[in-house]
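In what follows, a structure is listed as structure tokens, so that the remarks can point back to it.
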Amino acid sequence: MPTHFAIPVPEDYSLKRDACSYGYFLLRPNHWDPRSERLTRVLELEGGPATITIAQPREDGKRGPARISKASHFTRGADLACVSDRRLARREVTEASGLIARMLRLDEDAATIRAYHRVDPRFKGLGRGRLFRSPTLFEDVIKTVTSCNVQWPSTVVMNERLCEVVGDGGAFPSARKLSRARASTLRARCRVGYRDKRIVELAGMFASGEIDPHWCEDPATSDEDLRTFLIGLPGIGPYAAANVMQLLGRYHLLPLDTESVRHGKTILGMEGTDKAIMKMIDKHFAPFGAHAFRSYWFELWEFYENKRGPSWTWERETTGKTFTASQF
DNA sequence: GGTAGACCTGGACGC
DNA sequence: GCGTCCAGGTCTACC
């Protein structure tokens, strides 16, 4: 028997806009259905895995998904309507709500997004500001490692295989489970290549508490300490560290990669070596200060959307597998 | 501190 | 169908 529960959201929240705001929404175990505009994924809860479907009913009570209008700037956020595929205990509802809140960045209220739009008004029209992430820091870190040194389609495959081969009931594997996996299994069956040992090692560090998510998520932890710590982890270099930082809500650093160079050359008209262009991009976005990554990312996102339509219309199995700009 | 080359996979290309 | 080349970020060895 399913359990229905609601999650309150900030007044400007739009599920389709704010969930489909970063590539991870296209990675397993996440599944966005563009037709029903619902997000479904398996969550590992106290009583075992449960498939949760999240929707945002229209505020006006009419049938069909909520609409986003450029003219009105925001849809007024109706509470999220969630349903599980099995009965959940009260504690599990609380647990699931917390994980969903992390994933959908419900902690960033309307005032936070307004503060960003004061710095960069270009994205005020659609109300963009929140960036989708995973329910746990562990999943964010592993997803980041699977995105290094590969084209996007390989990242899609790695996450698909990790969930199928190691995860319980299609869930993203827990740190404990992944730390017990054989590196050779990850390489052969999950196609993670040379990342195999690094992933097992990272999982072991999370499982043992050597990596403490609370310390990483704590606003009292300085940016400098956090970056130094992250960059010391296996498989995490300057790009991955900056990406994990933005996933932790620290937007001042830019994870610069070949996509950034392409953006610098084709959109911003920069010229020079890749290294020189990366420096120019850093300088270009520096005026956005603590919000630099948001501005950088939504520029890139706009480029993808101009090619492939609004992100909430992308299918995981088609557009979602080819959306890296180099594929256009 | 800076740089070259290895790491692995999948796709593109030529034969 | 097979072999070769290339792209991608991190890591290590070396200067």
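To find a chain, count down the sequence lines: A is the first, B the second, and so on, and within it residues start at 1.
- Every residue was checked against the side chain to side chain donor-acceptor pair (under 3.5 Å) condition with A:D274, not counting sequence neighbours, and none meets it.
- For residues 178-223 of chain A, every residue pair satisfying the ring-ring contact (aromatic ring centres under 6.0 Å, His included) rule, not counting sequence neighbours, is listed here: A:F138-A:F206, A:W215-A:F229.
- Distance A:R262 CZ to C:dG8 P: 11 Å, rounded to the nearest Å.
- Judged by distance alone, the side chain of A:R294 and the main-chain N or O of A:H291 form no donor-acceptor pair under 3.5 Å.
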Mind listing the side-chain donor-acceptor pairs of residues 276-285 of chain A below 3.5 Å, one per line with the distance, residues two or more places apart or on another chain?
none

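- Sequence neighbours left out, the pairs with a member in residues 170-179 of chain A that pass side chain to side chain donor-acceptor pair (under 3.5 Å) are A:D168-A:K177.
- At its two ends the helix from B:dG1-C:dC15 to B:dC15-C:dG1 runs along axes set 40° apart, each axis drawn from five pairs and the angle rounded to 10°.
- Residues forming a side chain to side chain donor-acceptor pair (under 3.5 Å) with A:S134 (at least two apart in sequence, or on another chain): A:D140.
- Among residues at least two apart or in separate chains, there is no ring-ring contact (aromatic ring centres under 6.0 Å, His included) pair with a member in residues 248-278 of chain A.
- With sequence neighbours excluded, the residues forming a side chain to side chain donor-acceptor pair (under 3.5 Å) with A:Y116 are A:S295, listed by chain and number.
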Treat primed atoms plus P, OP1 and OP2 as sugar-phosphate and everything else as base, then score nucleotides 2-9 of chain B 5' to 3': B for base contact with protein heavy atoms under 4.0 Å, S for sugar-phosphate contact only, - for none.
-S---BSS
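- Near-neighbour residues of DNA chain C inside residues 232-241 of chain A, defined by a heavy atom below 4.0 Å, number-ordered: A:L233, A:P234, A:G235, A:I236, A:G237, A:P238, A:Y239, A:A240.
- Remark: A:R28 pairs with A:E164 by the side chain to side chain donor-acceptor pair (under 3.5 Å) rule, at least two apart or across chains.
- Applying the side chain to side chain donor-acceptor pair (under 3.5 Å) test to residues at least two apart or on different chains, none of the pairs has a partner in residues 232-242 of chain A.
- Side-chain N/O atoms of A:T258 include one lying less than 4.0 angstrom from OP1 or OP2 on C:dG9.
- In this entry the distance linking CD of A:Q151 with P of B:dA12 reads 10 Å, nearest Å.
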